[in-house]
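Inspection log for the structure reproduced underneath, given as structure tokens.
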Amino acid sequence: VKSTDLGGITTEIVPVFNDNFIFAIGVNYEGLVDRLKKVEEATSKLRYGKLNYCALGDSITKGENSLDNYNPMYGQRYTDLAMDYFNFNKVTNLGKGGSRITRHTQDGDDKYGMIDRLDTIPWDTDILCIFGGTNDFGHGDAPLGTPNDRTVDTFWGACHVLCEKLIEFEKEGIEVV
């Protein structure tokens with residue numbers, strides 16, 4: 001273990017051996033060893049096709065082709081490619097075109113915002129990926145709000161609520177990327 005002090009922050013390079021050489025570069029914080037054990041366990045699960053992956057997002061996640069009337073590009077979406085490349089046990093794609101992080105309704109669907117679809121993430125998920133924010137700024141009508149907002153109707157507030165939920169997921173053992 002090699003440590004370097006960078007202005008009060010200690011960074012460590014920690015080798016972990018498991019069939020392949022894996023290294024982690026991170027801020028030295030309590031629980032680093034536990035995180036590395038999770039990485040080692042996830043590496044083993046990944047190798048044997050036992051990990052479940054979930055993606056929550058907008059049209060990019062859904063894989064809609066803007067050049068083809070927004071039809072999904074099945075087999076070419078990044079979630080399909082991840083399934084093939086990483087040999088995931090299961091991939092859940094929760095993408096909705098036009099979806100924003102903030103609460104909003106679209107086409108009569110009152111759970112269109114990502115913040116309102118967090119409860120649709122399967123609890124057997126091992127890795128969770130969230131892609132969002134483009135539509136909040138591209139054509140969203142929710143106000144930006146302030147950093148102190150805690151309502152899902154402003155971008156700042158929805159981001160705060162989202163981060164709180166992601167912390168809960170992490171505590172339940174879901175890796176959020």
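Note that these values count all heavy atoms, side chains included, but never hydrogens, waters or copies made by symmetry.
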Applying side chain to side chain donor-acceptor pair (under 3.5 Å) to D119 and not counting sequence neighbours gives K111
Rounding to 0.5 Å, atoms CG (L94) and OG1 (T120) come to a distance of 4.5 Å
Residues 148-158 vs salt bridge (Lys or Arg N to Asp or Glu O under 4.0 Å), sequence neighbours excluded, gives none
| query | Would a hydrophobic clustering, with Ile, Leu, Val, Met, Phe, Trp and Tyr connected at side-chain separations under 4.5 Å, put L118 with V176? | reply | yes
Sequence neighbours excluded, the answer for side chain to side chain contact (heavy atoms under 4.5 Å, CB included) partners of L81 is none
Contacts of D124 meeting salt bridge (charged side-chain N to carboxylate O under 4.0 Å, His left out) (sequence neighbours excluded), chain-then-number -> K90
Original post:
Can you tell me if Y78 uses its side chain to pair, donor with acceptor, with the backbone of K62 under 3.5 Å?
Top reply: no
Is a donor on one side and an acceptor on the other found under 3.5 Å between the side chain of D126 and the backbone of N52? yes
Same cluster (ILVMFWY, side-chain, under 4.5 Å), L128 and I60 = no
Residue set satisfying side chain to side chain donor-acceptor pair (under 3.5 Å) with T134, at least two apart, ordered chain then number -> none
Side-chain (E175) to main-chain (E170) donor-acceptor, under 3.5 angstrom: no
Set out, in order, the CA-CA distance, both residues' side-chain angles and the distance that settles side-chain contact (heavy atoms from CB on, under 4.5 Å) for E172 and W123, then state yes or no.
CA-CA 9 Å; E172 293 294 324; W123 279 100; 3.4 Å; yes
*4.5 Å side-chain heavy-atom contact, W156 and T151*: no
Sorted by chain and number, sequence neighbours left out, side chain to side chain contact (heavy atoms under 4.5 Å, CB included) with A82 holds for F86, F88
For I101 and G133, the nearest pair of non-hydrogen atoms, with its separation, is CD1-N, 3.7 Å
What one should report as the nearest heavy-atom pair of I115 and A158 is CD1-O, 3.4 Å
A side-chain contact here means heavy atoms from C-beta on lying under 4.5 Å apart; do V152 and T102 qualify?
no
ask   = Would you say E168 and K171 make side-chain contact, with heavy atoms under 4.5 Å?
value = no
So salt bridge (Lys or Arg N to Asp or Glu O under 4.0 Å) across residues 131-140, not counting sequence neighbours, yields none
All heavy atoms of N135 vs all of S99, minimum pair found to be ND2-O, 2.9 Å
On a heavy-atom basis, the closest approach of R117 and Y112 is NE-O, 3.2 Å
Sorted by chain and number, sequence neighbours left out, side chain to side chain contact (heavy atoms under 4.5 Å, CB included) with N93 holds for T61, R77, T79
Heavy-atom nearest pair, C129 first then Y53, reads CB-OH, 3.2 Å
Residues at least two apart in sequence or cross-chain that pass side chain to side chain donor-acceptor pair (under 3.5 Å) with E164, listed by chain then number, are H160
Hits for side chain to side chain donor-acceptor pair (under 3.5 Å) against D84, two or more places apart or cross-chain, chain-then-number order -> none
Sequence neighbours excluded, the answer for salt bridge (charged side-chain N to carboxylate O under 4.0 Å, His left out) partners of D116 is R103
Discussion item. Hydrophobic clustering (ILVMFWY, side-chain heavy atoms < 4.5 Å, transitive) - are L56 and I167 grouped together?
Written reply: no
Applying ring-ring contact (aromatic ring centres under 6.0 Å, His included) to Y85 and not counting sequence neighbours gives none
* Do R100 and M114 have side chains that get closer than 4.5 Å, going by heavy atoms? -> no
Output for pair (F169 CZ, C54 SG), nearest 0.5 Å, gives 8.0 Å
